[in-house]
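Since the model is a prediction, treat every value here as computed from it, not as a measurement.
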Amino acid sequence: MAEITPLTQRAAWRALTAHYEQIKALHLRTLFAQDPRRGERFVAEGAGLYLDYSKHRVTDETLRLLLSLAHECDLRGHIDAMFRGDKINITEGRAVLHVALRAPRDAAIFVDGNNVVPEVHAVLDRMSSFAGRVRSGEWKGFTGRPIRNVINIGIGGSDLGPVMAYEALRHYATRDLVFRFVSNVDGTDFAEATHDLDAAETLIIVSSKTFTTLETMTNARTAREWALATLKDEAAIARHFVAVSTNEAEVSRFGIDTANMFGFWDWVGGRYSMDSAIGLSTMLAIGPENFRLLLAGFHEMDEHYRTTPFERNLPVLMGLLSLWYNNFFGAATVAVLPYDQYLRRFPAYLQQLTMESNGKSVTLDGTVIADYQTGPIYWGEPGTNGQHSFYQLIHQGTRLIPCDFIGFGRSLNPLGQHHDLLVSNIFAQAEALAFGKTAEEVEVDGVPAWLVPHRTFEGNRPSSVILAEQLTPQVLGALVALYEHSVYTQGVLWNINPFDQWGVELGKVLAMRIIPELESASPPDLKHDSSTNALIRRYRAMRGRS
Ligand code: G6Q
């Protein structure tokens, strides 16, 4: 691997460090006063999204330096390598080609000399035909009744994307089908999801890239028993179970007919897979045509990322701004605040996308990162609800929390004044965070002197506002791709691998060791630390196992 200059030794990084000292005290009030057109200049548009980044603590010089850093880190070369199908996920020896999942039919993207686009479209076509049969009622359950319920069993990347997309696109979903999502190995998840469903009318999608994940396989086996308790015939499985996986052998071992299996490939990471066959539940809900529109939105943002100069490139700008606060202002978190009830699972989805991707502490060559932070913590809730809970800390707490506000021009459920009220709150929050309210302004309101500090808003709290016309399948695709590529941009600059997730392994391995220790009939020979040993003993006592 070629020697690369450590991030903090790069010229642009050093210049940014010096520049930060000069502008850290500069207030957004001053920046806006100095440039009356700031709110029109610091904006960018692409793939149906409008990004206002004027309320960030940046000057033209900041942006120039951040862009230089991107160039010094060869972001261009890294973007090209991803789109070309290079094996940029070096710790797993894999290409990273979620962009191929939404490439048009006539595109050509090669992995090991093989054009993968025809395979992608072959799976999409099979999914479309299957979804059409289920939605029309042509696909019948074992007893001849049509399917009325769909349960997706999966976890992590095989759950969060499907749940988020189902919720986000519910407006477009058929109301003839009930959708449930089971992820947790806690039996409560399965029990609550199925208690009012009739197995004779239920289709179960077992979504698992590996088809070996403990939680998913446990839930899938329980689902099998649940279905057989009603249908009482092994032959029923083929009518009620389908699989989404890369592991044909395990699918067939489980007893699912591989004719009812929808495949994907090792170059699709779990958290980047909602637009692969993992999106089968999404397609069943919104229909194949809307699913293609979702893919078209993803693709539009892919093209924007690939071809737009960095100074107007939304994912690049968002990635650089995130790095600016994370690495120079010491901001540990980013709040994602969608002002749309349909996007209520979007922050949870983004948590996996961002934190599993960039929660890394060694560089690509294995060097421990000692002098800069990597992935920030993403969190959030839909507005306006969050305003009545945690926004207090964003406005007046001691921490700096950059915010992403997301809003839409038109509501999918226009009811009276609701939408204007909703959107007014986005603009008001971003304005209040940026400009605050000075002590003088508070005094003018006649507030007694002792109360003035409590009622003063310092302001200078940065935010982005992302606006789109309406929450359509295309817009959702563009929005997800925006964050995917912003994550990659940050990962490239930090010189880490955003596409592996070794950090989730250790706990899984230890759990496998602990399961028999919890379940054995005789007292186990415990060799953990004293805390783990005591917890195991206490649990065994609770379960009446001495
Ligand atoms: C995502 C991760 C992880 C994965 C789940 C489920 O990037 O790899 O969240 O999606 O562990 O894995 P399976 O799909 O293999 O069951």
Do Tyr342 and Asn413 pass the side-chain hydrogen bond (donor to acceptor under 3.5 Å, both in side chains) test, and can you show the C-alpha distance, the side-chain angles, and the key distance before you say yes or no?
CA-CA 11 Å; Tyr342 284 126; Asn413 296 295; 3.0 Å; yes
Kindly determine whether Val465 and Ile406 satisfy side-chain contact (heavy atoms from CB on, under 4.5 Å), including the steps that lead there.
CA-CA 6 Å; Val465 176; Ile406 301 169; over 6 Å; no
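A donor-acceptor pair under 3.5 Å links the side-chain atoms of Asp52 to the main chain of Ser54, judged by distance alone. Side-chain atoms of His121 come within 3.5 Å of backbone N or O of Ala103 as a donor-acceptor pair. Judged by distance alone, with hydrogens and angles left aside, the side-chain atoms of His419 form no donor-acceptor pair with the main-chain N or O of Leu415 at under 3.5 Å. A distance-only check finds no donor-acceptor pair linking the side chain of Lys209 to the backbone of Ser273 [under 3.5 Å]. A donor-acceptor distance shorter than 3.5 angstrom exists from the side chain of Thr363 to the backbone of Thr367, with no hydrogens or angles considered. Counting only distance, with no hydrogens or angles, the side chain of Asn290 and the backbone of Ile286 share a donor-acceptor pair below 3.5 Å. Panel note: side chain Asp266, backbone Thr246; no donor-acceptor pair is recorded below 3.5 Å. One N or O on the side chain of Trp324 and one on the backbone of Arg57 form a donor-acceptor pair closer than 3.5 Å. Tyr166 places no side-chain N or O within 3.5 Å of a backbone atom of Ser281 that could act as its donor or acceptor partner. At distances below 3.5 Å, at least one donor-acceptor pair connects side-chain atoms of Asn497 with backbone N or O atoms of Phe499.
Counting heavy atoms from C-beta outward, Pro376 and Ser322 have side chains that approach closer than 4.5 Å. Here the side chains of Glu167 and Arg344 are in contact, with some heavy-atom distance below 4.5 Å. At least one side-chain heavy atom of Ile394 sits less than 4.5 Å from a side-chain heavy atom of Leu433. In this structure the side chain of Glu484 reaches within 4.5 angstrom of the side chain of Leu353, judged on heavy atoms. Annotation: side chain of Leu479 is not in contact with side chain of Met301 (no heavy-atom distance under 4.5 Å). By the 4.5 Å heavy-atom criterion applied to side chains, Trp13 and Asn327 are counted as neighbours. Contact of the Tyr483 side chain with the Val336 side chain is registered, since non-hydrogen atoms from C-beta on lie closer than 4.5 Å.
For the residue pair Thr62 and Tyr20, no side-chain donor N or O sits within less than 3.5 Å of a side-chain acceptor on the partner. Defined by atom type and a distance below 3.5 Å, a donor-acceptor pair is present between the side-chain atoms of Thr333 and Trp379. A donor and an acceptor atom, one from each side chain of Gln387 and Asn425, are located under 3.5 Å apart. For the residue pair Asp302/His485, the side-chain donor-acceptor check at 3.5 Å is satisfied. Checking Asn89 against Glu92 by side-chain atom types alone, a donor-acceptor pair falls below 3.5 Å. Between the side chains of Trp265 and Glu119, at least one donor N or O sits under 3.5 Å from an acceptor N or O. Residues Arg271 and Gln501 have side chains that bring a donor and an acceptor to within less than 3.5 angstrom of each other. Under the 3.5 Å distance criterion, with hydrogens and angles disregarded, no donor-acceptor pair is assigned to the side chains of Glu72 and Ser68. In this model, no donor atom of one side chain and acceptor atom of the other lie less than 3.5 Å apart for Asn358 and Thr374. A donor-acceptor contact under 3.5 angstrom links the side chains of Ser464 and His56, judged on distance only. Side-chain contact of His395 with Gln429: a donor-acceptor pair under 3.5 Å is present, judged by distance alone. For Ser486 and Thr489, the side-chain atoms include no donor-acceptor pair closer than 3.5 Å. For Thr91 and Trp502, the side-chain atoms include at least one donor-acceptor pair closer than 3.5 Å.
In this structure, Tyr339 has its ring center at least 6.0 angstrom away from the ring center of Phe408. In this structure, His19 has its ring center at least 6.0 angstrom away from the ring center of Phe328.
Every residue two or more places apart in sequence or in another chain that forms a salt bridge (Lys or Arg N to Asp or Glu O under 4.0 Å) with Asp500 is listed here: Lys360. A search for salt bridge (Lys or Arg N to Asp or Glu O under 4.0 Å) contacts involving Asp404 returns nothing, not counting sequence neighbours. Contacts of Tyr172 classified as side-chain hydrogen bond (donor to acceptor under 3.5 Å, both in side chains), with partners at least two apart in sequence or in another chain: none. Applying the side chain to side chain contact (heavy atoms under 4.5 Å, CB included) criterion to Ala108, with sequence neighbours excluded, gives Phe110, Asn115.
Judged by a 6.0 Å distance limit and a 45° cone about the ring axis, Arg38 is positioned over the six-membered ring of Phe32. With a 6.0 Å cutoff to the six-membered ring centre and a 45° limit on the axis angle, Arg345 does not count as a cation-pi contact of Tyr349.
Heavy-atom contacts from other residues, nucleotides or ligands closer than 6.0 Å to CD of Gln396 number more than 12. Heavy atoms from other residues, nucleotides or ligands lying under 6.0 Å from CD of Gln417 number 12 at most.
Among residue pairs with one or both ends in residues 387-397, none qualify as salt bridge (charged side-chain N to carboxylate O under 4.0 Å, His left out); sequence neighbours excluded. The salt bridge (charged side-chain N to carboxylate O under 4.0 Å, His left out) pairs that include a residue from residues 79-91 are Arg76-Asp80, Arg84-Asp86, Lys87-Asp112, where partners are two or more places apart or lie in different chains.
A salt bridge links Asp445 with Lys437; the closest basic N to acidic carboxylate O contact falls under 4.0 Å.
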